[in-house]
*Asks:* 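What follows is a structure written as structure tokens; I'll ask about it next.
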Amino acid sequence: MNKCLICDNSFNPFVDFGNMPIANAFSTKKELENEYLFSMKVGFCENCNMVQLLEQPDREKMFHDNYAFFSSTSNYMISHFRKFSNSVTSLQNLDQKSFVVEIGSNDGIMLQNFVSDKIPCLGIEPSKNVAEVSKSKGIEVITEFFDKLLADKISKNYQKADAILSANVMCHIPYMHSIYEGVKTLLNEEGVFIFEDPYLGEIIEKTSFDQIYDEHVFLFSALSISHIANMHDLELVNVEPQITHGGSMRYTIAHKGVKQVSQNVISLIKKEKEIGLDRNDAYLDFTASVNKIKNDLIELLNNLKNAGKKVVAYGATSKSTTVTNYFGITPNLVECIYDTTPIKQNKYSPGAHIPVLPYDQFRDSNPDYVLLFAWNHSEEIMKKEIDFMGDQRHWITYIPNVKVS
Ligand code: SAM
Ligand code: TMP
């Protein structure tokens, strides 16, 4: 039995992905000699409704000076964060006297908007290489991990925050109580904590199992977020679905009793209970669906190989590490992965060791089939490649099920 990271209750895993490497550890041949692996199992706590990894690598193994995920590789995400910033400015009536803190500010994709709008802000970003990019955009950044201690320092050295923001970061942090204690300290009386992460309801509905990897220690729902907020005298006051990262949820949290709880929260919690997110059965069905995708995709890739077709992949995503390693996809089935991120190029994918090549070489490679690992950016990517793909080349996607188009 394992103990819940939120409430200490005991629970069992509902899926075991086996040994997994660090999802973003795109490495040279030499680095692969000492590849780190951990056992990736996922469980559901029936007491507080939190879905979580049973084991997570140390944070320094995932977030460091060579972190491979740069937020600004997608134009869609750049405009998403412009809209996010605008919505916070209008919700909180932000001006030059306000203060915004972002946890996990990466290359500055969100805070660059507050800098250009002259709203004081501060980024917290422990991965130094991505933090450097944001500093070059004129953003002030503390290159440390956010927690209660750091929140105390910021409250003392700066001012209390009108808004604490975070995107695709909260679900990475196992020491969640320290985060909520920090938020409670740092938020001013009317302040809001707004964060978004891949949404459990979408993951279960779409079988997007590849959202599960080392960094994602939690998969959140309104049920689990309202539980933990309550534990810290905070309150979930709004939820807004997002289409980003294959289906995310934006949660707004305030000091308890200060803001009105939106009808959205009540409706979403009701829906989550209807689809069974508070019961173990939904998770067992999910595991069966994952294994069906596994069998279908491997069968397709084997058939294509036997027919002499050239199959390459598009987007060396962190998500693809779960797919390649759990399914057993090696360079024997998928020749290489094309990606626009310089730090990933001319390296090998974690665990499966598929070569990652610069996107510039994609079209010359003349593939018959392209396995889309970056399926969450499918609209942007398929639009960009429509002429190249034509009628004679095909996309392979696997969420919610295996499809050739
Ligand atoms: N917010 C960006 C976005 O949505 O594109 C970046 C998301 S990236 C997947 C996660 C980021 O969180 C990394 O840049 C990582 O260094 C940072 N991070 C991890 N733990 C953190 C912590 N305790 N405090 C602040 N940032 C953290
Ligand atoms: P993400 O799914 O974690 O956002 O990562 C997307 C990956 O896909 C990232 O490594 C960049 C890559 N990518 C491309 O190579 N071409 C593209 O057009 C887009 C949008 C992403």
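Remember, it's 1-based here, ligands and their atoms both numbered in the order they're listed. Below, each value reflects all heavy atoms present in this structure, side chains not excepted, and no hydrogens, waters or symmetry copies.
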*Asks:* Check the angle between the aromatic planes of Tyr67 and His64 and answer parallel, tilted or perpendicular using the 30° and 60° thresholds.
*Replies:*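 Rings of Tyr67 and His64: perpendicular, as their planes differ by over 60°.
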*Asks:* What protein heavy atom is closest to atom 22 (C) of ligand 1, reported as residue, atom name and distance in Å?
*Replies:* Phe146 N, 3.6 Å
*Asks:* Test your reading of the structure: does Glu125 have an N or O sitting under 3.5 Å from an N or O of ligand 1?
*Replies:* yes
*Asks:* Hey, is Phe145 touching ligand 1 through its side chain, its backbone, both or neither, going by heavy atoms under 4.0 Å?
*Replies:* both
*Asks:* Indicate yes or no: does an N/O atom of Ala167 lie under 3.5 Å from an N/O atom of ligand 1?
*Replies:*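 Between Ala167 and ligand 1, an N or O pair is found under 3.5 Å apart.
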*Asks:* Quick one: sort the Phe209 and Tyr398 rings into parallel, tilted or perpendicular, breaks at 30° and 60°.
*Replies:*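 Ring orientation, 0 to 90° scale: tilted.
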*Asks:* Quick check: does Glu380 get an N/O under 3.5 Å from an N/O on ligand 2?
*Replies:* no
*Asks:* May I ask whether Tyr76 has any heavy atom positioned less than 4.0 angstrom from an atom of ligand 2?
*Replies:*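 No, Tyr76 has no heavy atom closer than 4.0 Å to ligand 2.
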*Asks:* Test your reading of the structure: does Ile179 have an N or O sitting under 3.5 Å from an N or O of ligand 1?
*Replies:*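 For ligand 1, there is no N or O atom that lies under 3.5 Å from one belonging to Ile179.
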*Asks:* What residues form a side-chain hydrogen bond (donor to acceptor under 3.5 Å, both in side chains) with Ser318, not counting sequence neighbours?
*Replies:*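 side-chain hydrogen bond (donor to acceptor under 3.5 Å, both in side chains) list for Ser318, sorted by chain: Tyr213.
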*Asks:* Using the rule ring-ring contact (aromatic ring centres under 6.0 Å, His included), only one of Phe362, Phe388, Phe373 pairs with Tyr338; which is it?
*Replies:* Phe362
*Asks:* Among all protein heavy atoms in this structure, tell me which lies nearest to atom 11 (C) of ligand 1, with the distance rounded to 0.1 Å.
*Replies:*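 Result for atom 11 (C) of ligand 1: Val169 CG2, 3.9 Å.
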*Asks:* Below 3.5 Å, N or O to N or O, backbone or side chain included: is there any such pair between Thr341 and ligand 2?
*Replies:*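 N/O-N/O distance below 3.5 Å exists for this pair.
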*Asks:* Should Tyr314 be counted as touching ligand 2, given the test is an N or O pair under 3.5 Å?
*Replies:*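 The answer is no, given that Tyr314 and ligand 2 share no N or O pair closer than 3.5 Å.
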*Asks:* Check for me whether Arg250 meets the cation-pi criterion with Phe84, that is, NZ or CZ under 6.0 Å from the six-membered ring centre and within 45 degrees of the ring axis.
*Replies:* yes
*Asks:* If I apply the N/O under 3.5 Å rule, does Asn168 come out as touching ligand 1?
*Replies:*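 N/O-N/O distance under 3.5 Å: yes.
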*Asks:* Would you please classify the geometry between the His245 ring and the His377 ring as parallel, tilted or perpendicular, with 30° and 60° separating the classes?
*Replies:* perpendicular
*Asks:* Considering only non-hydrogen protein atoms, determine which one is nearest to atom 13 (C) of ligand 1 and report residue, atom name and distance to 0.1 Å.
*Replies:* Tyr67 CE2, 3.5 Å
*Asks:* Quick one: nearest non-hydrogen protein atom to atom 3 (C) of ligand 1, plus distance?
*Replies:*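 Protein heavy atom at minimum distance: Ser71 OG, 3.4 Å.
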*Asks:* Can you report which non-hydrogen protein atom sits closest to atom 14 (C) of ligand 2, along with the distance?
*Replies:*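 Minimum-distance protein heavy atom for atom 14 (C) of ligand 2 reads Thr340 OG1, 3.4 Å.
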*Asks:* In the protein, which heavy atom is nearest to atom 26 (N) of ligand 1, and how far is it?
*Replies:*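 So the nearest neighbour among protein heavy atoms is Pro126 CD, 3.1 Å.
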*Asks:* What part of Phe195 sits under 4.0 Å from ligand 1 if we count only heavy atoms: the side chain, the backbone, both or neither?
*Replies:* neither
*Asks:* Hey, is Asn75 touching ligand 2 through its side chain, its backbone, both or neither, going by heavy atoms under 4.0 Å?
*Replies:* neither
*Asks:* Just distances here: any N/O of Thr73 and N/O of ligand 2 closer than 3.5 Å?
*Replies:*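 Thr73 vs ligand 2: no N/O contact under 3.5 Å.
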*Asks:* Do ligand 1 and Asn106 have nitrogen or oxygen atoms that lie under 3.5 Å from each other?
*Replies:*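 Yes; at least one N/O pair falls below 3.5 Å.
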*Asks:* Is there a side chain to side chain contact (heavy atoms under 4.5 Å, CB included) between Tyr199 and Tyr251 once you walk through the steps?
*Replies:* CA-CA 10 Å; Tyr199 175 53; Tyr251 305 90; 3.5 Å; yes
*Asks:* What's the shortest distance from atom 23 (N) of ligand 1 to any protein heavy atom, and which residue and atom give it?
*Replies:* Tyr175 OH, 2.9 Å
*Asks:* Any nitrogen or oxygen of Ser127, main chain or side chain, under 3.5 Å from a nitrogen or oxygen of ligand 1?
*Replies:* yes
*Asks:* Heavy-atom contacts under 4.0 Å between Asp339 and ligand 2: side chain, backbone, both, or neither?
*Replies:*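 Both the backbone and the side chain of Asp339 come within reach of ligand 2.
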*Asks:* Please determine whether any non-hydrogen atom of Met77 lies less than 4.0 Å from an atom of ligand 2.
*Replies:*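 Contact absent.
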*Asks:* Any chance NZ of Lys41 has more than 12 other-residue heavy atoms, nucleotides or ligands included, within less than 6.0 Å?
*Replies:* no
*Asks:* Quick check: Asn376 and ligand 2, any N/O pair under 3.5 Å apart?
*Replies:* yes
*Asks:* Any N or O of Thr317 that comes nearer than 3.5 Å to an N or O of ligand 2?
*Replies:* no
*Asks:* Please verify whether a non-hydrogen atom of Phe373 lies at under 4.0 Å from ligand 2.
*Replies:* no
